[in-house]
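Only a predicted model underlies this, so the values are computations on that prediction, with no experimental measurement involved.
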Amino acid sequence: MRKLMFIPLLAFLVACNNNPKNASEIKLDDFEQRISYALGADMGANFQNVPAEIAELLNYEELANGFYNALASSSELSEDECSDVLNAAFSNPEGIDTSQFSMNEVSNCYGLIFGEMLKRSLESKKAMDKVNLGIVKIGFYEALLGTDTLIELNERNTMIMNFNNDLNREAGYEFLEQKKKEFPDAHHELDYILVTHEEGTGEPIDLSLEYDIVYTLTNVNGDTIISTYQDLALPEEENSQIVNGDDVVFPEAWRLASEHMKVGGSYTIHSVFTLGFGEDGLPSPNMNSFIVQPYAAITIHSKVLSQDERYGAIKRQGQEVIEKAKKEPNTIVDPSGFVLTTIQEGTGKKVPVGGDVKAHYVLTNSSGEVVEDSYMMSAQGNRPAPTFSLNSVVEGWQLGIPKMKVGGKYRLVLPYNLAYGEAGNRGIQPFETLTFDIEVLEAGESGSLVEAQQQQQITEEQLRQLQQQLQNQ
């Protein structure tokens with residue numbers, strides 16, 4: 001009996017000895033310990049974004065305890081309850097309010113929020129059993145204290161990236177195998193799964209066209225990443241968007257599966273990263289994160305309601321804008337195609353052909369969305385109204401602005417061929433009809449206003465540099 005009792009006790013002691021109590025005991029040649037520490041330190045580093053006046057009031061030990069309790073599912077409070085605690089604590093703009101909850105409770109809840117973030121990430125990749133939670137806590141606490149020196153930052157970032165990539169790849173292949181068993185007749189030889197929910201009755205999908213489509217992209221956990229749906233209570237036609245086959249939302253799996261899809265059909269496509277968004281994933285516009293993570297498997301639900309020539313819809317929409325503008329009072333239609341409405345007649349001189357003009361403007365597209373607003377840009381940058389040379393603007397401005405007078409307000413509608421054409425421009429789609437609401441402030445011969453503004457800008461820059469030099473003395 002003693003021998004039977006002795007072996008489990010010895011095993012327990014060995015296990016305890018293998019569980020580090022602080023950073024100095026961590027074995028960096030052990031991958032589990034190394035990645036556990038790195039993940040904790042990475043989460044702790046995010047705490048640097050907390051305002052200093054708040055960070056210095058919190059109890060770091062309780063932060064780490066809350067962080068660990070969330071990971072270990074041992075917290076007495078739920079995430080929602082902790083959110084209530086934090087809302088009460090930070091309701092006072094002058095500092096942390098501890099009239100309802102102590103600073104330790106606030107700190108613990110703050111740590112819990114960080115822990116829940118990491119827990120969700122690990123659970124989504126089925127990786128909770130791949131890390132040592134005690135060591136994750138050590139890494140987190142070290143980062144809070146600013147004493148995280150075990151793993152160099154670049155190496156840590158690379159290590160975590162590779163770890164996540166491996167998990168995504170593994171989860172993706174496991175996901176596809178599961179779907180193969182679920183839909184054995186839907187697996188295609190090119191290694192994607194196409195599930196038909198409703199047979200299309202229209203024409204086959206043509207990749208050279210554009211589509212009015214309802215589309216949802218989800219990850220292996222069913223989380224929605226991209227969707228055209230704004231309100232599920234509305235019919236499909238009001239939740240659809242018009243995109244073309246080159247749009248970034250269509251990965252290779254969708255293009256391959258389109259050979260078997262028809263207009264009006266409802267389909268689901270499952271694919272691993274190789275036919276999804278690949279090793280690079282789909283970066284967010286600011287390139288600081290990912291819409292779709294690298295090596296991630298994806299699921300696409302789509303239904304093409306109709307298909308048309310590329311940019312057909314935006315051309316028709318633009319023509320509707322032009323026809324509506326033609327019916328406005330005080331309007332002329334130029335032979336070149338632009339439509340000019342006088343809202344308020346100017347009392348000054350006409351803008352010379354090829355000259356300079358200072359003007360405020362609000363630019364909207366054919367959907368009525370504001371693309372640029374010079375009033376707002378000037379106010380935000382504390383700058384004067386913009387000045388333009390008519391020799392360096394779109395053709396519609398070159399032709400339309402000289403029909404305006406200083407002090408006047410006008411609406412200038414440009415068909416795409418007088419605006420940014422078939423290529424479009426930053427924030428402006430190809431074949432887009434543009435509407436400019438313009439207030440003419442000054443006009444002059446070529447170079448008279450533009451050069452004066454440039455000289456003023458140089459003078460302001462020189463003044464700024466001089467002020468900086470004086471401050472440094």
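- Inspection of the Ser240 and Asp212 side chains reveals an N or O donor paired with an N or O acceptor under 3.5 Å.
- Between Phe47 and Tyr60, the distance separating the two ring centers is shorter than 6.0 angstrom.
- Environment of CD in Glu259: sparse, with no more than 12 heavy atoms of neighbouring residues, nucleotides or ligands closer than 6.0 Å.
- Using a 3.5 Å distance cut-off with no hydrogens or angles, the side chains of Ser24 and Asn22 do pair a donor with an acceptor.
- Between Lys130 and Glu32 there is no salt bridge, since none of the side-chain N atoms of the basic residue sits less than 4.0 Å from a carboxylate O of the acidic one.
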Does the pair Asn104 and Glu62 meet the rule for a side-chain hydrogen bond (donor to acceptor under 3.5 Å, both in side chains), with working shown? CA-CA 6 Å; Asn104 281 352; Glu62 281 304 315; 5.0 Å; no
Walk me through whether Val243 and Ile213 qualify under side chain to side chain contact (heavy atoms under 4.5 Å, CB included). CA-CA 7 Å; Val243 293; Ile213 189 173; 3.7 Å; yes
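- Side chain of Gln33 to backbone of Lys27: a donor-acceptor contact under 3.5 angstrom is found.
- Rounded to the nearest 0.5 angstrom, Leu194 CG and Leu256 CG are separated by 11.0 Å.
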Run the ring-ring contact (aromatic ring centres under 6.0 Å, His included) test on Phe175 and His270 for me, step by step, so that the C-alpha distance in whole Å, both residues' side-chain angles and the decisive distance to 0.1 Å come before the verdict. CA-CA 9 Å; Phe175 173 76; His270 304 290; 5.6 Å; yes
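- No donor-acceptor contact under 3.5 angstrom links the side chains of Thr364 and Glu369, judged on distance only.
- Under a 3.5 Å cut-off, the side chain of Arg310 and the backbone N or O of Ser208 do form a donor-acceptor pair.
- Counted within 6.0 Å of CZ on Arg411, heavy atoms from surrounding residues, nucleotides or ligands total 12 or fewer; the atom is thus considered open.
- Here the side chain of Ser258 pairs no donor or acceptor atom with the backbone of Ile205 at under 3.5 angstrom.
- In the displayed structure, Glu61 atom CD is contacted under 6.0 Å by at most 12 heavy atoms of other residues, nucleotides or ligands.
- Salt-bridge annotation for Lys303 and Glu198: present, with a side-chain N of the basic residue lying under 4.0 Å from a carboxylate O of the acidic one.
- Side-chain atoms of Glu174 and Gln178 form no donor-acceptor pair, as typed in the model, at a separation below 3.5 Å.
- Remark: Met376 CE is loosely packed, at most 12 non-hydrogen atoms of other residues, nucleotides or ligands lying under 6.0 Å away.
- Ring planes of Phe163 and Phe31: tilted class, angle from 30 to 60°.
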One pair to check against side-chain hydrogen bond (donor to acceptor under 3.5 Å, both in side chains): Thr228 and Asn239. What are the steps and the verdict? CA-CA 6 Å; Thr228 64; Asn239 278 301; over 6 Å; no
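- Here the side chain of Asp148 pairs no donor or acceptor atom with the backbone of Glu142 at under 3.5 angstrom.
- Of the possible polar contacts, none joining the Arg169 side chain to the Tyr295 backbone as a donor-acceptor pair under 3.5 Å is found.
- With respect to the salt-bridge test (charged N to carboxylate O, under 4.0 angstrom), the residues Glu182 and Lys179 qualify.
- Side chains of Tyr375 and Glu439: a donor on one and an acceptor on the other come within 3.5 Å.
- With Asn132 contributing its side chain and Asn19 its backbone, the two residues share no donor-acceptor pair below 3.5 Å.
- Side-chain contact annotation: Glu432 with Ser366, donor-acceptor N/O pair under 3.5 Å present.
- Checked against the 6.0 Å centroid threshold, Tyr215 and Phe250 count as a close aromatic pair.
- Atom NZ of Lys180 sits in a crowded spot, with more than 12 heavy atoms from other residues, nucleotides or ligands closer than 6.0 Å.
- Side-chain polar atoms of Tyr361 and Glu372 form a donor-acceptor pair below 3.5 angstrom.
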Is there a side chain to side chain contact (heavy atoms under 4.5 Å, CB included) between Leu58 and Ile96 once you walk through the steps? CA-CA 9 Å; Leu58 296 171; Ile96 300 177; 4.0 Å; yes
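- You'll find the ring centres of Trp254 and Tyr211 inside the 6.0 Å limit.
- Of the possible polar contacts, none joining the Thr196 side chain to the Glu199 backbone as a donor-acceptor pair under 3.5 Å is found.
- Taking the six-membered ring for Trp and the full ring otherwise, the centers of Phe114 and Phe67 sit at least 6.0 Å from each other.
- No more than 12 heavy atoms of other residues, nucleotides or ligands lie within 6.0 Å of CD in Glu76, so this atom counts as exposed by the packing criterion.
- Checked against a 6.0 Å centroid threshold, the rings of Tyr267 and His301 do not count as neighbours.
- Under the 3.5 Å distance criterion, the side-chain polar atoms of Asp223 are left unmatched by any main-chain donor or acceptor of Asn219.
- Summarising the geometry of Ala38 relative to Ile160, their closest heavy-atom pair is O-CD1, 3.5 Å, with the distance given to 0.1 Å.
- A donor-acceptor pair under 3.5 Å is formed between the side chain of Gln307 and the backbone N or O of Asp206.
- The closest donor-acceptor contact from the side chain of Glu25 to the backbone of Lys21 lies under 3.5 Å.
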